[in-house]
2 protein chains.
Amino acid sequence: MTEPLNTGLLLFLPYRALEARVFAGLAAAGFDDLTPAQARVFQRVAPGGSRTTALAEQAGITKQSAGFLVDQLERAGYVERVPDPADGRARLVRVAERGARSVEVSRGIVAEVEAEWEAHLGARRMAQLRRLLADLREITDPWR
Amino acid sequence: MTEPLNTGLLLFLPYRALEARVFAGLAAAGFDDLTPAQARVFQRVAPGGSRTTALAEQAGITKQSAGFLVDQLERAGYVERVPDPADGRARLVRVAERGARSVEVSRGIVAEVEAEWEAHLGARRMAQLRRLLADLREITDPWR
DNA sequence: ACGAGATGGTAAGAGACTCTGACGAGATTG
DNA sequence: CAATCTCGTCAGAGTCTCTTACCATCTCGT
């Protein structure tokens with residue numbers, strides 16, 4: 001892992017840069033109580049709601065940790081839990097009102113950063129990058 | 001951050017896949033005492049040695065946390081600390097013997113994964129991807 | 001139907017990781 | 001030489017994650 005520049009580090013650097021920008025922007029917009037760990041779970045809540053177990057798998061943590069973080073997100077008003085009509089054991093985690101507002105803000109920041117990247121790379125190469133990453137996802141993302 | 005596929009998530013997925021492979025391989029090779037946090041610091045130790053403060057900056061953590069992790073890495077034999085001849089306050093963190101062996105192993109695993117990616121994308125597009133990421137690094141990596 | 005096993009979720013406790021604030025020792029600048 | 005900066009450490013607290021264990025509910029085979 002110590003050679004000049006392996007592909008992993010090359011992937012990680014822009015990811016972290018983007019994440020940092022989103023956090024700074026959210027904090028500036030009043031969403032300053034969101035921690036990185038909470039955000040990584042919140043980010044994966046599907047439009048129709050997600051089960052805690054599904055969130056845990058996709059975030060790469062145990063369901064206990066996911067439950068812990070969802071508790072905090074619920075207390076802070078980012079998500080709400082409703083019973084899952086399809087399964088009496090399960091509850092669906094859904095984006096709540098405050099969460100939806102934070103999504104709006106972060107969406108704007110992501111668009112801003114992506115615009116900067118596009119300005120640096122050029123529109124054609126930016127599209128190329130996205131296409132390459134999407135292709136790579138086929139063999140690196142266990143969830144589709 | 002909740003839309004179907006922002007570029008950040010696209011970057012993160014292959015990164016995590018690679019990291020997971022390296023960890024599994026290291027553990028299988030007997031380096032099973034290395035934690036993710038330790039590895040993220042260890043990964044950034046420069047060939048000639050690095051100062052704790054520099055490692056902290058590059059890993060995006062405080063110098064206290066970095067010192068804590070270097071302590072563990074030292075105890076486990078991955079790194080050693082030597083006085084910095086250029087600065088009496090500082091000590092240089094260098095890769096130790098066991099650390100060097102782990103680097104060899106992880107280098108092999110990274111090469112293996114990159115070969116799989118190349119097989120999936122094709123040699124030309126893999127090179128394209130690396131070039132694009134290297135370009136992106138210019139505006140997302142504060143350290144060069 | 002009904003029992004066995006799988007699955008969604010929670011609880012308790014411990015350990016790992018990180019932060020803020022404060023500090024000493026050495027370097028740098030004027 | 002004095003003021004200031006930088007490297008690193010210590011102390012304490014908070015956050016995040018894990019393992020182990022458990023209950024409730026669903027699913028499947030008989």
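Chain A is the first sequence line, chain B the second, and so forth, proteins listed ahead of strands; every chain is numbered from 1.
Atom CG of B/L34 is separated from atom CD of B/Q43 by 10.0 Å, given to the nearest 0.5 angstrom. Going from atom CG of B/D71 over to atom CZ of B/R81 covers 4.5 Å, rounded to the nearest 0.5 Å. Atom-to-atom distance recorded for A/F68:CZ and A/L73:CG is 11.0 Å, nearest 0.5 angstrom. A distance of 9.5 Å separates CZ in A/R89 from CG in A/D84, rounded to the nearest 0.5 Å. Atom CZ in B/R125 sits 4.5 Å away from atom CG in A/D135 (nearest 0.5 Å).
Here the C1' atom of nucleotide C/dG9 and the CG atom of A/L55 are 13 Å apart, to the nearest Å. Residue A/E74 contributes atom CD, which lies 13 Å from atom P of C/dG9 at whole-angstrom precision. Taking atom CD of residue B/Q38 and atom C1' of nucleotide C/dC17, one finds them 10 Å apart after rounding to whole Å.
A/L92 and A/V79 fall into different hydrophobic clusters, defined by Ile, Leu, Val, Met, Phe, Trp and Tyr side-chain heavy atoms under 4.5 Å apart, directly or through other members.
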Please list, for nucleotides 26-30 of chain C, all pairs of protein and nucleotide N/O atoms separated by less than 3.5 Å.
from, atom 1, to, atom 2, distance (Å)
C/dG26, N2, B/R89, NH1, 2.7
C/dA27, OP1, B/G88, N, 3.0

What nitrogen or oxygen pairs link the protein and nucleotides 10-14 of chain C at under 3.5 Å?
from, atom 1, to, atom 2, distance (Å)
C/dT10, OP1, A/R91, NH2, 2.5
C/dT10, O4, A/Q64, NE2, 3.3
C/dA11, N6, A/Q64, NE2, 3.2

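On the nucleic acid side, DNA chain D contacts chain A at distances under 4.0 Å to non-hydrogen atoms, with the end points of that region at D/dC16 to D/dC26.
Contacts of A/S65 with the nucleic acid, taken as non-hydrogen atoms under 4.0 Å apart, include base atoms.
Axis deviation across the helix from C/dA1-D/dT30 to C/dG30-D/dC1 amounts to 40°, comparing end segments of five pairs, rounded to 10 degrees.
Under the side chain to side chain contact (heavy atoms under 4.5 Å, CB included) criterion, A/D33 pairs with A/A76, A/Y78, A/R98, sequence neighbours left out. Residues passing the salt bridge (Lys or Arg N to Asp or Glu O under 4.0 Å) test with B/R21, sequence neighbours excluded: B/E112, B/E116.
Between A/R107 and A/E104, at least one side-chain nitrogen of the basic residue sits less than 4.0 Å from a carboxylate oxygen of the acidic one, meeting the salt-bridge criterion.
The shortest distance between the side-chain N/O atoms of B/T35 and the OP1/OP2 oxygens of C/dA16 is not below 4.0 Å.
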Walk me through it: do A/L13 and A/R16 pass the test side-chain contact (heavy atoms from CB on, under 4.5 Å)?
-> CA-CA 5 Å; A/L13 290 170; A/R16 191 180 57 186; 4.0 Å; yes
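Residues B/T52 and B/R91 bring no donor and acceptor atom of their side chains to less than 3.5 Å of each other.
Taking each heavy atom of A/V103 and A/S106 in turn, the nearest pair found is O-OG, 3.1 Å. Nearest heavy atoms, B/F42 versus B/S102: CE2-OG, 3.5 Å.
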